[in-house]
Amino acid sequence: MAVVGAGYVGLTTAACLADLGNDVAVVDVNREKIAQLKAHQVPFYEPGLSELVERNYRAGRLRFTTAYEDAGPGAEYAIIAVSTPEGEGGEADLSYVEAAATSIANCMDGPLVVINKSTVPPLTGDMVSNVLRKTKAGEAAAVVSNPEFLREGSAIQDFMHPDRVVIGSHDRGAAEKVALLYSTLEAPILITPNIYTAEMVKYGSNAFLAARISFINEIARICERVGADAKLVAEGMGLDKRIGPSFLDAGIGYGGSCFPKDVKALAALAERFDYHPELLHAVMAINRDQRMLVVDKLRECLEVLQGQVIGLFGLAFKPNTDDLREAPSIEIAKVLLAAGAAVRAYDPAAMEGSRRIMPDIEYMNGAYETAAGADAVVVVTEWNEFRYLDLGRMKSSMRKPVVIDGRNIYDPAVMRGHGFTYRGIGRE
Ligand code: UDX
Ligand code: UDX
C-alpha cells in the first residue's frame, strides 16, 4: 500500500500499518523529508515513532520515496494523509488532497481503494472520485473516508488502541476491505453507508471536543468571579458518567493543527449551506479571548509590562510534542513583546522550531534558568518537568515571585505557602 504524506498523521499511520505486517511505501513531495527518513531520521518529535519507523524500515516493510510510480506496482490501497491547511474564508484548502489524487490516478495500475485520512469536509470524497475518474485506470478506484483520531504525543497508542474506527464509502465492498486493515485491533468498527457521514464524524468529534474546552473555560471565568475552583468543579462534573472526566481542563485554550482549523472549517461549511452555526462561533470567540487571559493576569499582578522580564514555561501547543502550530505561546509572546516586556522561554522539545518563528525571545536551558531574575513566570504548556520543581529554589531566584499558571499545574495553597503571587485559571 502507499501512504501519501509523511507528516504526523501519514508517518504514524504508515509505521503502524507496517508494524501490523503490511508492505507500506510512504510518498511525500518534500525531498528533504524523504532524504531524512531514508537516513533513519524522523523529521519531528512523536514518542516512540522513531523506534517504530526504524524497526519496520529495517525489516523491509516500510519504504520512502518522492515518486508515486515507485510506491506501486500492485498496491491495493492508497492512503491520502497530506495536509489540509486553512484556506481563504476559513474553509479547508483541499489543493494538496487534489494534487495527491491526481498523482495517484496517473500511476494506478489496477483496482485501488483510495482512503482519505486527511481531515476534509463532507463532499471531498466526491471530489477525489471525480479526479480519479479522469484517467482510464481511475475508473476502477473506490474512495473511502477513514478519518484519523490521533493525538500528537500519543499517536501510536491512539492508532493501535482506538476507541473506534470509522469507515464510510458509497462502495460497501471497498469499506469492508479497509476494515480488514484494522481487524487485528480490538476496536469497534463503524461502517457508514455513505461517505459524507464518515467525513462528518471527524468534524463533529473535533468540534465537540473544542466546544468542551471552551465550555469549561467559560465556566472557569465564572468560577473566578464567584470564588469557586474550576479544577475541582471540572472534577465534580466529570464524575457524572454522562459527562466524563476528559477534556475538561480549563487553561489558555486549544491550539494545534486540528481544533482551530477544523472548527473554523466546519463553521465556514455551514455558512456555505446557509446555516449560521451560533455555537461554533462562540466556541472560537471564547478560545480567542482565553489566550489573552494570562496577559490580563500579568498586567494585574505587575501593573505595567514595559521593561518586565517574563519567563514562559513551555512553547509547544501541548506537552510531548514539538508542534507549534496555532500554539497560544506565539500570540502571548507577541503581545508581551509589543508591550515592551522582555520574553524568555524554555521548552523541552519546541525551542528549535520556535527560534525560527520567534527570534526575539531569549531561549533558556531549563525552568530554573527561565525563572531566575524574572519578574513573572507563565506556565504555557504543562510539561511534566514543570510540575515537580523545587519551588523554594525557584522563588528565591526570581526578581518578583509572580506565577501565572495557564494550565493549573500547581496547587494554589502550596504556591502561596512558598510566598508566590499566584494566579491559576478559574481558581483563586
Ligand atoms: C494531518 C492531516 O492530514 C490533516 O488533514 C489534519 O487536518 C492535520 O493532521 P499532518 O500530518 O499534521 O496533517 O500534516 P503535515 O505534518 O503538514 O504533513 C503533511 C505532509 O504531506 C507533508 O510532509 C507534505 O510534504 C506532504 N504533502 C503535502 C505531499 O506529499 N503532497 C502534497 O501535495 C502536499
Ligand atoms: C486533536 C484530536 O484530539 C484528535 O482526535 C484529532 O485527530 C487531532 O486533533 P491534538 O491536536 O493532537 O489532537 O491534541 P489534543 O490532545 O486533542 O489537544 C488539543 C488542544 O486542546 C491542545 O492545545 C490542548 O492543550 C487543549 N486542551 C485539551 C485543553 O485546553 N483542555 C483539555 O481539557 C484538553
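Each ligand, and each atom within it, is numbered from 1 in the order the structure gives. Atoms considered below: every heavy atom in the structure, side chains included; atoms not considered: hydrogens, waters and symmetry mates.
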Go through it in stages, so that I can follow the logic: the residues are Asp323 and Arg325, the test is salt bridge (charged side-chain N to carboxylate O under 4.0 Å, His left out), and I'd like the CA-CA distance, side-chain angles, deciding distance and then a yes or no. CA-CA 6 Å; Asp323 199 337; Arg325 289 181 282 183; 3.1 Å; yes
Quick one, Val378 with Ile310, criterion side chain to side chain contact (heavy atoms under 4.5 Å, CB included). Give me CA distance, side-chain angles, the key distance, then yes/no. CA-CA 7 Å; Val378 181; Ile310 315 289; 3.9 Å; yes
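Proximity of Ala6 to ligand 1 is established by a heavy-atom distance of less than 4.0 Å.
Protein residues with a heavy atom under 4.0 Å from ligand 2 are Glu148, Phe149, Leu150, Arg151, Glu152, Lys202, Asn206, Ile213, Phe247, Leu248, Asp249, Gly253, Tyr254, Gly255, Cys258, Phe259, Phe317, Lys318, Arg407.
We find that Arg55 and Glu51 are not joined by a salt bridge, their nearest charged nitrogen and carboxylate oxygen being 4.0 Å or further apart. Ion pair Arg423/Glu300 flagged as a salt bridge, since at least one NZ, NE, NH1 or NH2 atom sits closer than 4.0 Å to an Asp/Glu carboxylate oxygen.
Using modelled atom types and a 3.5 Å distance limit, the side chains of Tyr196 and Asp126 yield a donor-acceptor pair.
Using bins of under 30°, 30° to 60° and over 60° for the plane-to-plane angle, the ring pair His281/His276 lands in the parallel bin. Between Tyr346 and Phe386, the ring-plane angle classifies as perpendicular under the 30° and 60° cut-offs.
Using a 4.0 Å cut-off to heavy atoms of Lys33, the atoms of ligand 1 that qualify are 22 (C), 23 (O). Every atom of ligand 1 is numbered from 1 in the order shown, and the set under 4.0 Å from a heavy atom of Asn30 is 25 (O). Near Gly7, meaning under 4.0 Å from one of its heavy atoms, ligand 1 places the atoms 11 (O), 15 (P), 16 (O), 18 (O), 20 (C), 23 (O). Each of the following atoms of ligand 1 lies closer than 4.0 Å to a heavy atom of Val29: 27 (N), 29 (C), 30 (O), 31 (N), 32 (C).
The side-chain heavy atoms of Ile361 and Arg355, taken from C-beta on, include no pair separated by under 4.5 Å.
Where the criterion is an N or O separation shorter than 3.5 Å, residue side chain and backbone included, Gly10 fails it with respect to ligand 1. Ligand 1 has no N or O atom lying under 3.5 Å from any N or O atom of Tyr68, backbone or side chain.
In this structure, Arg164 is positioned above the aromatic face of Phe149, its NZ or CZ under 6.0 Å from the six-membered ring centre and within 45° of the axis.
Considering Glu91, Glu271, Glu86, Glu326 as possible partners of Lys264, the one that fulfils the salt bridge (charged side-chain N to carboxylate O under 4.0 Å, His left out) test is Glu86.
Contacts of Ala81 with ligand 1, taken as heavy-atom pairs under 4.0 Å, involve the backbone alone.
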